[in-house]
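Worksheet for the structure shown next.
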Number of protein chains: 2
Amino acid sequence: MTAKETSQRILDVAEQLFAEHGFDATSLRAITKEAGVNLAAVHYHFGSKEALVEQVFARRLGPLNRRRLELLDRAEAEAGGTPCVETILECFYAPALRTFTRPESGHGHFMRLFGRTFTEPNEQMRNMFVEQFGEVVRRFSAALSRALPHLPAEHLWWRMHFMVGAMAHSLSCPHGLRFLSGGRCDPDNHEEALRQLIAFVRAGLRAPVLARQVTS
Amino acid sequence: MTAKETSQRILDVAEQLFAEHGFDATSLRAITKEAGVNLAAVHYHFGSKEALVEQVFARRLGPLNRRRLELLDRAEAEAGGTPCVETILECFYAPALRTFTRPESGHGHFMRLFGRTFTEPNEQMRNMFVEQFGEVVRRFSAALSRALPHLPAEHLWWRMHFMVGAMAHSLSCPHGLRFLSGGRCDPDNHEEALRQLIAFVRAGLRAPVLARQVTS
DNA sequence: TCGGACGTCAAACAAACGTTTGAATGAGGA
DNA sequence: TCCTCATTCAAACGTTTGTTTGACGTCCGA
């Protein structure tokens with residue numbers, strides 16, 4: 001087994017176990033045992049558990065967000081500058097959801113982990129998010145702002161917040177949908193999830209701005 | 001210090017630290033030190049760390065969901081059976097968000113914790129959710145179904161899933177909104193959050209049902 | 001054939017964890 | 001006053017954690 005194979009297997013197994021049990025509840029011993037490598041290999045190849053976590057994310061998030069920007073670039077070129085809301089949503093959601101359909105890629109485990117991580121309050125994660133998502137936030141909020149010219153900026157930010165939340169919840173809480181539907185909806189049908197998500201969020205983004213009540 | 005005071009303080013501090021760092025990352029030693037009580041007090045009053053976690057939830061979730069059902073009862077009585085979508089949403093969201101505005105209640109920490117817990121895959125949590133939310137899901141999905149008679153059940157379930165997701169994300173990921181808006185939206189303004197959430201989700205629930213493409 | 005990277009391995013490290021124990025404390029009733 | 005019972009306390013239990021160590025094997029260039 002080469003060194004590349006070893007570190008690759010550690011990353012794959014770590015991704016899966018982190019997704020299933022969380023970071024703190026997953027020990028290096030569980031990872032190395034499942035991967036069939038020596039315990040010390042983690043520190044040899046990555047330096048620490050924290051660094052391993054970072055690597056697990058960096059390996060996936062870079063390509064994911066690059067793909068998002070790529071799709072947005074193309075959509076903007078085709079639309080002559082301002083694609084419609086649903087096209088923008090497709091650019092944002094599809095890279096996260098479509099990759100599910102290729103289970104061999106391992107993206108499935110990662111996306112579940114990814115959904116969980118929005119909530120992780122730890123400092124390290126926070127910084128990585130700012131770094132990895134800065135460009136995506138800038139580009140997509142600009143695109144949505146152009147597609148929704150009548151929507152005040154403050155409202156757009158709130159709605160983008162919900163737009164992210166609906167996706168994160170779908171990724172990280174599939175059992176929630178099973179519970180709600182009594183098992184009659186399949187959260188693993190990601191094409192359906194994408195359709196439903198876009199239909200829902202598109203309408204939410206386009207909702208009329210209500211006159212603000214005077215708070216008593 | 002009475003026994004009631006001791007277990008109360010343990011619950012309060014546990015709620016806060018769980019919300020900040022997660023269950024696994026919060027040790028009983030950190031809780032008891034912060035609460036100013038002896039380490040063994042947790043096992044004396046609760047039996048185990050797991051039982052403490054359960055108590056933290058039971059203390060809040062019961063009243064929260066009772067309040068939701070109470071509001072829905074009243075709304076249905078006033079509307080003569082079928083309140084509109086936004087009224088139903090208000091019944092569902094307000095008990096979770098409005099309690100924030102009374103910071104002395106400690107609900108704030110709990111709701112952050114609560115948002116996180118949707119994602120926790122642990123068995124114990126899963127069971128509690130089914131028990132605590134069974135009635136709420138039944139009543140609210142029935143009410144929404146009556147308010148949206150043209151929406152197929154399968155679509156309603158997906159949309160309720162997103163409706164929960166938007167809320168959970170708002171509760172658990174306030175830093176997300178700050179990041180998105182560059183600090184210009186205040187996630188702790190819960191009246192505003194409630195308004196924005198209802199405006200967004202109402203439109204999402206009412207979105208037209210798209211003709212399903214034939215998948216190639 | 002030698003020698004030095006490189007990677008793997010079992011073993012051990014200190015620290016932190018949840019949990020248990022048995023003595024000490026203090027208020028209330030007989 | 002004495003006994004009782006609920007509560008608190010410091011100390012220790014055995015595990016598990018992330019991390020480190022030094023020996024061992026293996027491959028490649030000289």
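Keep in mind that the numbers below use all heavy atoms, side chains included, and drop hydrogens, waters and symmetry copies. Just so we're on the same page: letters track the sequence lines, and every chain starts at 1.
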D:dT7 P sits how many Å from B:Glu5 CD, rounded?
-> 13 Å
Phosphate oxygens OP1/OP2 of C:dT8: is one of them under 4.0 Å from a side-chain N or O of A:His45?
-> yes
Set of salt bridge (charged side-chain N to carboxylate O under 4.0 Å, His left out) partners for A:Arg74, sequence neighbours left out | none
Sorted by chain and number, sequence neighbours left out, side-chain hydrogen bond (donor to acceptor under 3.5 Å, both in side chains) with B:Gln55 holds for none
Tell me, please, which residues at least two apart from B:Ala41 pass side chain to side chain contact (heavy atoms under 4.5 Å, CB included).
-> B:Thr6, B:Ile10, B:Val37, B:His45
How many Å lie between CZ on A:Phe46 and C1' on D:dG18, as a whole number?
-> 16 Å
Apply salt bridge (charged side-chain N to carboxylate O under 4.0 Å, His left out) to A:Glu70 and list each qualifying residue two or more places apart in sequence or on a separate chain.
-> A:Arg67
Any side-chain N or O of A:Thr6 less than 4.0 Å from the OP1 or OP2 oxygen of C:dT8?
-> yes
When you compare the protein's N or O atoms with those of nucleotides 23-27 of chain C, which come within less than 3.5 Å of each other, and at what distance?
none

Tell me the salt bridge (Lys or Arg N to Asp or Glu O under 4.0 Å) pairs involving residues 132-144 of chain A, sequence neighbours left out?
-> A:Asp73-A:Arg139, A:Glu76-A:Arg139, A:Glu135-A:Arg138
Residues 167-177 of chain B vs salt bridge (Lys or Arg N to Asp or Glu O under 4.0 Å), sequence neighbours excluded, gives none
Side-chain touch A:Arg159/A:Leu151, heavy atoms, less than 4.5 angstrom | yes
Could you name each residue pair satisfying salt bridge (Lys or Arg N to Asp or Glu O under 4.0 Å) that touches residues 169-185 of chain A, not counting sequence neighbours?
-> A:Arg178-A:Asp188
For nucleotides 16-22 of chain C, which of its nitrogen or oxygen atoms have a protein nitrogen or oxygen under 3.5 Å away, and what is each distance?
unit_1, atom_1, unit_2, atom_2, d
C:dC17, OP1, B:Ser27, OG, 3.2
C:dG18, OP1, B:Lys49, NZ, 2.8
C:dG18, OP2, B:Leu28, N, 3.0
C:dG18, N7, B:Arg29, NH1, 2.8
C:dG18, O6, B:Arg29, NH2, 2.8
C:dT19, OP2, B:His43, NE2, 2.8
C:dT19, OP2, B:Lys49, N, 2.9
C:dT19, O5', B:His43, NE2, 3.1

Please state how far atom CD1 in B:Ile10 lies from atom C1' in D:dT7, giving the value in whole angstrom units.
-> 12 Å
